[in-house]
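Presented below is the structure to which this report refers.
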Amino acid sequence: MSILKLKPCGKDYLWGGHRLAEEYGKECRGDVLAETWELSCHPDGPSVIANGSYAGKTLQQYIEEQGKAVLGTHCRRFRDFPILVKFIDAKDNLSIQVHPDNRYALTHEGQYGKTEMWYVMDAGKDAFLYYGFRKEISAAEFERRLQEDTLLEVLNAVPVQKGDVLFIESGTLHAIGKDILIAEIQQNSNVTYRVYDYGRVGKDGRKRDLHIEKALAVTKLVPILRDKSSYPHVADCDYFTVDKLNLDGRILKKLEGFVSEDSFASILFLDGKGQITVAGETVAFQKGDSFFISAGSGGFEIEGVCDALVTTIREKAGPVRIGIDIGSSTTRIGLVDVHQKLLAASSLPTRPERPADEIIGEIGERVQALLAQEGIEVDQCVGAGVGVPGTVDRRKGVVVYSNNIHWEDVRLAEMLEPYLPIPIQVANDADCTALGETVAGAGKGYQNVVMLTLGTGVGGGVIVAGEIVGGSEPGHMAIVEDGEPCTCGRRGCLEAYVSTPALVRAAKCATGNALCPEEIFAAAEQGDWELQKVVETYLRRLGTGVVNLVNLFRPQLVLFGGTTPVQNERLLPFVQEMVKQGCFGGGKGELPEIEAAALGNEAGIIGAASLV
């Protein structure tokens with residue numbers, strides 16, 4: 001089903017009134033109904049579906065059963081449901097409070113901070129609310145006024161009336177005054193730091209807790225200007241976009257809209273009555289009703305009389321992705337923009353002798369430090385990708401086995417979440433390197449690419465139609481029956497013949513000297529007969545492996561990377577000729593280009609970032 005009518009969760013905070021029950025028909029089990037959480041997947045107050053086959057289930061359960069596609073592509077960057085929609089009835093003054101930004105809240109509370117907007121549905125004749133400071137003050141003055149109970153003297157008191165809108169960014173000191181009815185759209189968070197509460201006591205007879213130290217750390221101590229830049233929207237930010245609908249029943253009796261695959265739509269009816277039709281399903285609405293329309297539902301029609309707020313999630317402005325390339329000796333971290341450009345990078349020794357949780361914790365802290373260094377908030381990041389050597393369960397984000405770093409059944413994505421509460425994807429590091437070269441390096445412009453990395457071992461990745469073919473191990477295809485032993489325990493693998501140790505071993509066997517690959521190739525080019533034979537055998541084994549891969553995947557491009565000097569003038573032409581002679585169809589078929597990789601160590605970072 002596409003349209004869900006929601007039943008809210010009510011809150012009986014001591015400052016609340018009873019208008020939401022009396023005027024909006026909300027269920028109330030006591031004398032006070034301060035808030036109703038109309039659209040909520042927050043565990044502190046989930047909303048429940050009231051119609052159709054999912055009636056009685058929470059909105060969160062619906063999303064889990066239907067899949068996150070119902071939220072839309074713009075919501076992929078959020079780990080959790082992105083917003084919370086409320087009605088608030090302030091019979092009395094709310095406490096003076098502030099919400100932290102994401103960075104502070106994630107560090108100290110383990111959840112997101114809060115940016116919100118208020119739409120004033122009704123207000124008394126002399127109603128006002130507090131919105132930041134009248135003038136700039138110092139941290140010392142802020143603390144002193146809290147101690148002396150003179151804070152209200154420097155707060156900005158704003159008179160309000162029906163239809164007013166205020167945007168409350170995190171860090172803004174604020175409070176709703178008495179005799180105001182508000183619709184609130186906010187980040188999906190319940191973190192609030194209370195700094196002043198008029199000396200009131202709670203149900204237990206004690207004064208309610210204040211959070212002075214945390215408030216001092218996050219409050220902006222300058223006047224806040226009323227922002228009018230959201231036009232034509234009521235409010236617009238990276239967390240939500242809010243629009244106003246109005247049908248007067250005379251000139252405008254019917255309205256049509258469209259819910260694309262980009263985002264779900266939340267419709268909150270502030271007034272009126274009528275019916276809403278989505279995908280052939282018609283549901284009646286009245287004042288106070290809340291609806292969720294799943295992404296991709298297409299056209300909808302509202303008929304009747306109404307004032308309503310429609311909330312959607314737009315595409316992230318200036319998004320950044322995090323790429324993490326975990327190696328056996330070094331872990332590299334980078335921030336990547338929408339153009340696949342590496343904005344900033346950092347590295348740390350992996351030290352795989354340590355427990356996995358210690359390594360992952362240090363990686364998480366280093367990512368946070370890099371973001372802070374670059375002045376980038378975590379909510380600007382649409383996700384993080386991690387490349388790790390070994391076998392990976394990509395669906396679960398689990399490293400099944402990695403001999404290089406001694407991990408087995410490590411829930412990598414889950415363990416990174418406390419540091420990075422954003423979507424996290426995990427893949428094999430060689431696959432990430434191949435993806436990085438495909439999207440930003442020598443393979444840019446190609447859709448089908450095979451990459452081999454020649455070094456301590458032989459890794460590689462396969463990209464088909466721009467996507468990773470996960471789990472490929474090209475270094476462990478057998479090219480010689482019952483051949484040389486391989487590190488994997490089998491015999492005759494490609495890695496046993498064309499890895500750096502295999503090349504060095506063959507050269508030492510032929511000459512008695514321990515030479516590096518650069519010296520081996522150089523001596524062969526200068527006429528050393530014994531090393532010429534070593535290099536020729538090496539190239540033939542490598543060419544055999546490439547021919548097998550081309551016959552299997554028919555790529556447009558074969559790339560070589562790693563520590564072996566693949567730029568050598570003999571290597572690429574030799575392999576190209578072997579492909580021409582050995583591939584099915586020979587020169588009559590469509591043969592791939594043979595090139596050297598271009599990005600070096602950046603490929604793994606950019607490829608990992610490209611997983612999200």
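Source: prediction; values computed, not measured.
- Between I424 and A413, the shortest heavy-atom contact is CD1-O, 3.7 Å.
- Side-chain atoms of E256 and F300, non-hydrogen and from C-beta on, never get closer than 4.5 Å to each other.
- Not counting sequence neighbours, the partners of E353 by the side-chain contact (heavy atoms from CB on, under 4.5 Å) test are R351.
- Between the side chain of N51 and the backbone N or O of K5, at least one donor-acceptor pair lies under 3.5 Å.
- Between the side chains of Y193 and E109, at least one donor-acceptor pair of N or O atoms lies under 3.5 Å.
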Verdict with supporting geometry, L412 and E417, side chain to side chain contact (heavy atoms under 4.5 Å, CB included): CA-CA 9 Å; L412 178 54; E417 279 188 356; over 6 Å; no
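- Considering CZ of R354 and CD1 of I360, their distance stands at 10.5 Å, rounded to 0.5 Å.
- Under the 3.5 Å distance criterion, with hydrogens and angles disregarded, no donor-acceptor pair is assigned to the side chains of K214 and Y104.
- In this structure, CD1 on I293 lies 9.0 Å from OG on S266, to the nearest 0.5 angstrom.
- The side-chain heavy atoms of M117 and V234, taken from C-beta on, include a pair separated by under 4.5 Å.
- Using modelled atom types, one side-chain atom of S297 and one backbone atom of S294 make a donor-acceptor pair closer than 3.5 Å.
- The shortest distance between side-chain heavy atoms of K86 and L84 falls below 4.5 Å.
- Of the residues listed (V242, L268, V165), the one engaging Y119 in a side-chain contact (heavy atoms from CB on, under 4.5 Å) is V165, and it is the only one.
- Separation of atoms CD1 (I49) and CD1 (I3) is listed at 12.0 Å; rounding is to 0.5 Å.
- Here the side chains of L59 and P46 are not in contact, with every heavy-atom distance at 4.5 Å or above.
- Side-chain N/O atoms of D238 and Q380 include no donor and acceptor closer than 3.5 Å.
- Between the side chain of H233 and the backbone N or O of T241, no donor-acceptor pair lies under 3.5 Å.
- Residues passing the side-chain contact (heavy atoms from CB on, under 4.5 Å) test with T219, sequence neighbours excluded: V98, F133, F142, L173, A215, L221.
- With hydrogens and angles ignored, the 3.5 Å screen pairs a side-chain donor or acceptor of N102 with a backbone N or O of G113.
- With sequence neighbours excluded, the residues forming a side-chain contact (heavy atoms from CB on, under 4.5 Å) with P8 are K26, T36, E38, listed by chain and number.
- Closest approach of R490 to A478, counting heavy atoms only: NH2-CB, 3.9 Å.
- No side-chain donor-acceptor contact under 3.5 Å links H42 and N188.
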Donor-acceptor pairs under 3.5 angstrom involving side-chain atoms of residues 454-464: please list them, not counting sequence neighbours.
none

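- Counting heavy atoms of neighbouring residues, nucleotides and ligands inside a 6.0 Å radius, atom CD of E64 exceeds 12 of them.
- A salt bridge between E169 and K220 is present, with a side-chain N of the basic residue lying under 4.0 Å from a carboxylate O of the acidic one.
- Qualifying side-chain contact (heavy atoms from CB on, under 4.5 Å) partners for K57, counting only residues two or more places apart in sequence or in other chains: Y54, Q61, E65.
- The shortest non-hydrogen separation linking G443 to L559 is N-CD1, 4.0 Å.
- Within the 4.5 Å cutoff, no side-chain heavy atoms of L348 are placed close to those of T330.
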Distance-only donor-acceptor pairs under 3.5 Å for side chains of residues 331-340, two or more places apart:
{"unit_1": "T331", "atom_1": "OG1", "unit_2": "T350", "atom_2": "OG1", "d": "2.8"}
{"unit_1": "D337", "atom_1": "OD1", "unit_2": "H339", "atom_2": "N", "d": "2.8"}
{"unit_1": "D337", "atom_1": "OD1", "unit_2": "Q340", "atom_2": "N", "d": "3.2"}
{"unit_1": "D337", "atom_1": "OD1", "unit_2": "K341", "atom_2": "N", "d": "2.9"}
{"unit_1": "Q340", "atom_1": "OE1", "unit_2": "R321", "atom_2": "NH2", "d": "3.1"}
{"unit_1": "Q340", "atom_1": "OE1", "unit_2": "S610", "atom_2": "OG", "d": "3.4"}

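- Put simply, the side chain of S346 reaches to within 4.5 Å of the side chain of R366, judged on heavy atoms.
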Expected list for residues 389-401: side-chain donor-acceptor pairs under 3.5 angstrom, two or more places apart:
{"unit_1": "D393", "atom_1": "OD1", "unit_2": "R395", "atom_2": "N", "d": "3.2"}
{"unit_1": "D393", "atom_1": "OD1", "unit_2": "K396", "atom_2": "N", "d": "3.2"}
{"unit_1": "Y401", "atom_1": "OH", "unit_2": "N403", "atom_2": "OD1", "d": "3.4"}

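- By the 6.0 Å contact criterion, CD on E374 is enclosed, its count of non-hydrogen atoms from other residues, nucleotides or ligands being greater than 12.
- Y112 is linked by a ring pair (Phe, Tyr, Trp, His ring centres under 6.0 Å) to nothing, counting only residues two or more places apart in sequence or in another chain.
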Pair I422-V382, side chain to side chain contact (heavy atoms under 4.5 Å, CB included): steps then yes or no: CA-CA 7 Å; I422 52 180; V382 296; over 6 Å; no
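- A distance-only check finds no donor-acceptor pair linking the side chain of E116 to the backbone of Q187 [under 3.5 Å].
- Side-chain atoms of L245 and D243, non-hydrogen and from C-beta on, never get closer than 4.5 Å to each other.
- No more than 12 heavy-atom neighbours from other residues, nucleotides or ligands sit within 6.0 angstrom of CZ on R76.
- Remark: the backbone N or O of P423 is not paired with any side-chain donor or acceptor of R77 at under 3.5 angstrom.
- For E602, there are no salt bridge (charged side-chain N to carboxylate O under 4.0 Å, His left out) partners two or more places apart in sequence or in a different chain.
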Criterion side chain to side chain contact (heavy atoms under 4.5 Å, CB included) on K7 and S47, from CA distance to verdict: CA-CA 6 Å; K7 178 182 178 181; S47 50; over 6 Å; no
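- No more than 12 heavy atoms of other residues, nucleotides or ligands shown are found within 6.0 angstrom of CD on E315.
- Looking at L542 and L452, their side chains come closer than 4.5 Å, going by heavy atoms from C-beta outward.
- H406 meets the ring pair (Phe, Tyr, Trp, His ring centres under 6.0 Å) test with no other residue; sequence neighbours excluded.
- With sequence neighbours excluded, the residues satisfying ring pair (Phe, Tyr, Trp, His ring centres under 6.0 Å) with F264 are F81, F292.
- We find the CD1-OG1 distance between I185 and T115 to be 13.5 Å, quoted to the nearest 0.5 Å.
- I168 contributes atom CD1, which lies 10.5 Å from atom CD1 of I224 (distance to the nearest 0.5 angstrom).
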Side chain to side chain contact (heavy atoms under 4.5 Å, CB included) between L39 and I83, intermediate numbers included: CA-CA 8 Å; L39 176 77; I83 62 170; 3.7 Å; yes
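- H174 is linked by a ring pair (Phe, Tyr, Trp, His ring centres under 6.0 Å) to H99, W118, counting only residues two or more places apart in sequence or in another chain.
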Derivation of the side-chain hydrogen bond (donor to acceptor under 3.5 Å, both in side chains) call for E495 and T487: CA-CA 8 Å; E495 182 173 299; T487 56; 2.7 Å; yes
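- L572 CG to E593 CD: the interatomic distance, rounded to the nearest 0.5 Å, is 11.0 Å.
- Using a distance-only test at 3.5 Å, with no hydrogens or angles considered, no donor-acceptor pair links the side chain of E437 to the main chain of A597.
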